[in-house]
Amino acid sequence: MKLSAALKSASSEALMTTGTVFNIQRFSLHDGPGVRTVVFLKGCQMRCAWCANPESLAAGPEVLFDASRCGKVQCWQACPAKGNDPHSDRRTGAGWPEDNACPAAAIRNIGNRISVEEVIRTVVADELYYRTSGGGMTLSGGEMAMQPTFSRALLLRARQEGVHTAVETAGYASWPALWEACELSQLILFDIKLADPALHQHYTGVSNRRILRNLEKLLQQPIPLRIRIPVIPEVNDNEEEGEKMMALIALMVRGKKSFQGIDLLPYHNFGNRKYTLSGKDCRYEEMHPSHGKPEVERLAGFARRYGLTTTTLSHCIG
């Protein structure tokens with residue numbers, strides 16, 4: 001089906017398609033142009049050591065639990081979870097009460113099955129802001145390509161409503177799944193973490209070979225594409241890796257009209273508390289406990305050396 005035909009038709013089955021979402025963030029300013037609503041889809045095959053959203057990694061629902069709150073009100077004995085109950089499973093939410101059933105507000109269930117129409121109702125509520133700022137809806141994660149059918153249906157409905165669409169992807173998916181998830185987007189934000197294959201495997205748990213192949217294919221499409229680099233101290237902001245990344249990018253984007261530039265996203269540790277609440281450890285902070293600030297200007301300098309333009313944003317998403 002041609003793209004124009006796809007935008008004109010949406011079956012009732014597509015409208016009722018459901019996916020697992022862990023957050024819908026309104027009024028975002030760093031996930032594409034203008035004011036945007038970011039829909040965070042759950043599930044990711046990568047395990048980046050610095051991930052700012054550890055609650056996004058598992059495909060299914062899970063629980064964030066604040067042990068410091070538990071027991072401060074007279075509810076602990078009646079709680080079916082009792083904080084450390086071995087029958088409670090953070091990964092699935094099994095054995096835990098609902099968020100609003102905890103008087104201590106110690107529990108937050110992460111990941112809800114939600115329909116395309118439910119998401120779009122939230123998105124279109126800010127249509128005025130999109131029109132005045134050039135904004136729209138961005139799909140992020142996790143990895144949105146892990147839910148390709150849901151992602152495609154969301155993009156289709158948003159465009160039918162006249163809402164600009166963007167996707168953020170790390171590109172680690174099969175090409176059919178990635179293209180299904182991205183084809184109806186009007187902007188692709190593509191993450192590049194590292195150029196060195198061994199370092200990429202070490203810090204993300206996967207090879208970058210598939211990622212680079214997929215980037216090459218996306219650059220051949222007419223959809224505008226920006227490359228995003230999380231700038232991680234002592235990982236990819238040094239002389240060797242910084243130059244290697246920019247040299248690789250310059251080679252891949254040469255002559256590609258879809259390429260729109262590079263966003264640099266400095267690392268922050270705002271997500272560290274979520275590791276505690278989810279019962280996980282931040283691998284990056286353990287590996288580099290004395291890291292300094294990210295050397296953003298160093299990477300920007302290498303980019304200029306290779307004729308690449310960069311924009312520095314205020315935060316690293318993952």
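Along the sequence shown, residues are numbered consecutively beginning with 1.
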**Asked** Of all residues at least two apart in sequence or in a different chain, which pass the side-chain hydrogen bond (donor to acceptor under 3.5 Å, both in side chains) check with Ser56?
**Response** none
**Nearest-0.5 Å distance that lies between atom CD in Glu168 and atom NE2 in His30** = 13.0 Å
**Check: Tyr284 ring centre within less than 6.0 Å of Tyr267 ring centre** = yes
**Asked** Is any side-chain heavy atom of Leu199 less than 4.5 Å from a side-chain heavy atom of Asn236?
**Response** no
**Message:** Does Gln186 form a side chain to side chain donor-acceptor pair (under 3.5 Å) with Thr165? I'd like the steps, not just the answer.
**Reply:** CA-CA 5 Å; Gln186 293 163 286; Thr165 58; 3.2 Å; yes
**Prompt:** Does the distance from a Lys or Arg side-chain N to an Asp or Glu carboxylate O, for Asp281 and Arg283, drop under 4.0 Å?
**Reply:** no
**Request:** Taking the side chain as every heavy atom from C-beta outward, state whether His202 and Met287 have any pair of such atoms under 4.5 Å apart.
**Result:** yes
For residues 247-260, dump all side-chain donor-acceptor pairs below 3.5 Å to protein atoms at least two apart in sequence or in another chain.
from	atom 1	to	atom 2	distance (Å)
Ser258	OG	Leu219	O	3.1
Gln260	NE2	Ser258	O	3.3

**Item:** salt_bridge(Glu55, Lys42) N-O dist < 4.0 Å
**Value:** no
**Message:** Any heavy-atom pair between the side chains of Ile110 and Val63 that's under 4.5 Å?
**Reply:** no
**Asked** Should the pair Asp263-Arg226 be classified as a salt bridge under the 4.0 Å nitrogen-to-oxygen rule?
**Response** yes
**Asked** SG of Cys44 to CE of Met146: how many Å apart, nearest 0.5 Å?
**Response** 7.0 Å
**Item:** In one Ile/Leu/Val/Met/Phe/Trp/Tyr side-chain cluster, 4.5 Å: Leu57, Val39
**Value:** no
**Request:** For the residue pair Pro33 and His164, establish whether any side-chain heavy-atom pair is separated by less than 4.5 Å.
**Result:** yes
**Asked** Taking only residues two or more places apart in sequence, or in another chain, which ones meet Ala166 in a side-chain contact (heavy atoms from CB on, under 4.5 Å)?
**Response** Arg36, Thr138, Leu187
Distance-only check: which donor-acceptor pairs under 3.5 Å involve side-chain atoms of residues 173-180, not counting sequence neighbours?
from	atom 1	to	atom 2	distance (Å)
Ser174	OG	Ala177	N	3.3
Glu180	OE2	Thr149	OG1	3.0

**Item:** Results of salt bridge (charged side-chain N to carboxylate O under 4.0 Å, His left out) for Lys280 - residues two or more places apart only
**Value:** Glu62
**Asked** Do you know which of His200, Lys193, Arg47 makes side chain to side chain contact (heavy atoms under 4.5 Å, CB included) with Val206?
**Response** His200
**Item:** side-chain hydrogen bond (donor to acceptor under 3.5 Å, both in side chains) partners for Lys244, two or more places apart
**Value:** Asp196
**Asked** Does the pair Arg298/Asp237 count as a salt bridge with the N-to-O cut at 4.0 Å?
**Response** no
**Prompt:** Any ion pair linking Arg121 and Glu117 (charged N to carboxylate O, less than 4.0 Å)?
**Reply:** no
**Request:** State, to 0.1 Å, how close Glu118 and Ser115 come at their nearest heavy-atom pair, and which atoms those are.
**Result:** OE1-N, 2.9 Å
**Message:** Rounded to the nearest 0.5 Å, what separates atom OG in Ser151 from atom CD in Glu143?
**Reply:** 8.5 Å
